[in-house]
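Taking it in order: structure first as structure tokens, then the write-up.
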Amino acid sequence: MEKISVIVSCYNEEDALPLFYEEVVKIAKKMKEVDFEFLFINDGSKDKTLDILRDFAKKDKRVRYISFSRNFGKEAAMYAGLENSTGDYVTLMDADLQDPPALLPKMFDLIKNGGYDSVGTRRVTRKGEPPIRSFFARCFYKIINKMSKVEMVGGARDYRLMTRQVVDSIVSLKEYNRYSKGLFSFVGFETKWLEYENVERVVGETKWSFWKLFKYAIEGIVAFTTAPLTLAALFGLILCFVSFLAMIFVFVRALMFGDPVSGWPSTICIILFVGGVQLLCMGIIGEYLAKNYLETKHRPIYIVKETEKINYSKK
Ligand code: UDP
Ligand code: MG
């Protein structure tokens, strides 16, 4: 029998996990034609998440878990899940039931009978999200799609079902700075998008602050396009051209009208402007350099402390 691996990244999800488990087991029961594996990734939670996972694993043979030595972030958790999954099909889900497990039978059918390699989900509404966050999210997708060759689908969630072939190709991308939405699109394959209304999380709070999201957005841009570098160069070129014209203007004026000392305010303005542009461009280059630095260190994406098979703390 074929098997679906359900990968769930959890960071402080003690309240949501029992509800999630109940829901996903219900769906698994309905889908009699496949086996299931539930692979939970405990991303350094500080609450009772790990205890709950140990408990699940004890009661249910289908449950496996991997517990990180600290919080490595959702991207690392998803990577660990994909790398360690054993199913013929793999799905990524959030623990907060914002990714409705009820969509799974339909997704599976699309892959089995629809000829797709991967089925993604995107929310068409952003109900329940602060308006300012939605606004910036929309801007981000507009900008990155203009700049990058890899298409980022607006409102796309990480919730998707993939064949083993897609999973293996994702796992083969071993970069340290991971931006999954881009990676999924980078590997290609036939992807079907299911649309659904945004669901609010059952309990608890979102782990993403505005600042975290902003940094994630920069990560996405730096990882998938070098357009900002080209822009910086272009800006420099334009400024050179303008300064050349200004030089001619000043030279001719001095020849015709002599050279009384004046123009202090305009000089200062120009110095400040050009200084600002230089710092901005250096910042952009620095951003790429920093990512390069992290990438060349080849640090592991995650570090495991405990799994359902290996438990040194003997709890
Ligand atoms: N998550 C994680 N590591 C983190 C932050 C979040 O594994 O550092 C998990 C979290 O437990 C949840 C999923 O990623 O299952 C999505 O997080 P959240 O619901 O907070 O994000 P949102 O749905 O608001 O984008
Ligand atoms: Mg959520």
Side-chain angles (χ1 to χ4, degrees), residues 5-24 38-53 56 63-85 90-101 103 120-138 140-141 152-160 176-181 184 196-217 219-220 301-306:
S5 296
V6 179
I7 296 171
V8 192
S9 47
C10 318
Y11 178 51
N12 297 342
E13 300 283 8
E14 59 178 4
D15 298 325
L17 270 177
L19 300 168
F20 172 83
Y21 179 71
E22 190 183 323
E23 195 67 28
V24 81
F38 305 115
L39 178 51
F40 293 89
I41 316 293
N42 173 32
D43 185 12
S45 302
K46 291 180 181 66
D47 62 0
K48 299 242 175 323
T49 299
L50 182 57
D51 295 329
I52 295 174
L53 294 182
F56 284 169
V63 173
R64 295 171 53 203
Y65 68 88
I66 294 172
S67 184
F68 288 175
S69 59
R70 64 167 170 88
N71 177 254
F72 278 86
K74 192 188 174 192
E75 286 291 341
M78 289 195 294
Y79 183 76
L82 293 175
E83 200 177 31
N84 292 284
S85 65
V90 178
T91 177
L92 292 163
M93 276 187 208
D94 285 4
D96 57 3
L97 287 175
Q98 273 189 306
D99 303 329
L103 284 177
T121 58
R122 57 186 291 254
R123 6 176 223 184
V124 277
T125 58
R126 285 176 171 271
K127 189 182 65 182
E129 200 182 54
I132 180 106
R133 181 173 292 194
S134 307
F135 171 74
F136 277 108
R138 289 210 177 88
F140 167 72
Y141 284 113
M152 313 274 171
V153 178
R157 297 200 45 98
D158 295 321
Y159 180 28
R160 50 172 63 232
Y176 182 77
N177 298 286
R178 304 188 72 78
Y179 185 74
S180 281
K181 284 191 179 83
F184 286 131
Y196 71 100
E197 299 257 326
N198 191 25
V199 191
E200 289 184 45
R201 71 164 29 244
V202 271
V203 280
E205 271 177 14
T206 175
K207 313 289 184 298
W208 292 86
S209 63
F210 189 80
W211 179 237
K212 247 180 154 181
L213 275 177
F214 180 75
K215 284 202 293 196
Y216 190 55
E219 192 118 310
I301 297 169
Y302 62 90
I303 292 169
V304 176
K305 179 167 179 214
E306 175 185 331

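Counting starts at 1 for both ligands and their atoms, following the listed order. In what follows, every heavy atom counts, from backbone to side chain, and hydrogens, waters and symmetry copies are set aside.
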Inset, instruction - Starting from atom 25 (O) of ligand 1, find the nearest protein heavy-atom neighbour and note its residue, name and distance. - result: W208 CD1, 3.7 Å
Inset, instruction - Give the residue, atom name and distance (to 0.1 Å) of the protein heavy atom nearest atom 23 (O) of ligand 1. - result: Q98 OE1, 2.5 Å
Inset, instruction - For T121 and Y159, indicate whether the former's side chain and the latter's backbone hold a donor-acceptor pair under 3.5 Å. - result: yes
Legend entry - Nearest protein heavy atom with distance in Å, relative to atom 18 (P) of ligand 1: R201 NH2, 3.4 Å
Legend entry - Atom indices of ligand 1, in the order listed, that fall short of 4.0 Å to a heavy atom of E13: 10 (C), 11 (O), 12 (C), 15 (O)
Inset, instruction - Specify the closest pair of heavy atoms between N42 and S67, including all atoms of both residues, with the distance to one decimal. - result: ND2-OG, 2.9 Å
Inset, instruction - Looking only at non-hydrogen atoms, find the nearest pair between S9 and A77 and report the distance. - result: CB-CB, 3.5 Å
Inset, instruction - May I ask you to check if R64 and F38 form a cation-pi contact, with NZ or CZ under 6.0 angstrom from the six-membered ring centre and within 45° of the axis? - result: no
Inset, instruction - Specify side chain, backbone, both or neither for N12, according to which of its non-hydrogen atoms lie closer than 4.0 Å to ligand 1. - result: neither
Legend entry - Within reach of ligand 1, part of D43 (heavy-atom separation under 4.0 Å): side chain
Legend entry - Cationic N near anionic O, under 4.0 Å, R157 to D99: yes
Legend entry - Approximate separation, where rounding is to 0.5 Å, of E13 CD and D94 CG: 8.0 Å
Inset, instruction - Considering heavy atoms of the protein only, find what lies nearest to atom 16 (C) of ligand 1 and give residue, atom and distance to 0.1 Å. - result: D94 OD2, 3.1 Å
Inset, instruction - Tell me yes or no: between the side chains of E14 and T49, is some donor less than 3.5 Å from an acceptor? - result: no
Legend entry - Rounded distance [0.5 Å steps], CG in L53 versus NZ in K48: 13.5 Å
Inset, instruction - Using side-chain contact (heavy atoms from CB on, under 4.5 Å) as the criterion, point out the one residue from L92, N84, I66 that pairs with I7. - result: L92
Inset, instruction - Under 4.0 Å, heavy atoms only, figure out whether ligand 1 is touched by the backbone of K74, its side chain, both or neither. - result: both
Legend entry - Nearest to the Mg ion (ligand 2) - the N/O/S atom of D96, by atom name: OD2
Legend entry - Protein heavy atom at shortest distance from atom 24 (O) of ligand 1: T206 OG1, 2.6 Å
Legend entry - atom 1 (N) of ligand 1: the protein heavy-atom neighbour that sits closest, reported with distance to 0.1 Å: Y11 CB, 3.8 Å
Inset, instruction - Return the residue, atom name and 0.1 Å-rounded distance of the protein heavy atom closest to atom 5 (C) of ligand 1. - result: K207 CB, 3.7 Å
Legend entry - ligand 1 N/O within reach of A95 N/O, cut-off under 3.5 Å: yes
Legend entry - Quiz item: cation-pi between R70 and F72, 6.0 Å / 45°: yes
Inset, instruction - Could you list which atoms of ligand 1 come closer than 4.0 Å to a heavy atom of D96? - result: 19 (O), 23 (O)
Legend entry - Close-contact set for ligand 1 against S9 heavy atoms, below 4.0 Å: 7 (O), 9 (C), 10 (C), 11 (O), 12 (C), 14 (O), 15 (O)
Inset, instruction - Please report which non-hydrogen protein atom sits nearest to atom 8 (O) of ligand 1, along with the residue it belongs to and the distance in Å to one decimal place. - result: N71 ND2, 3.1 Å
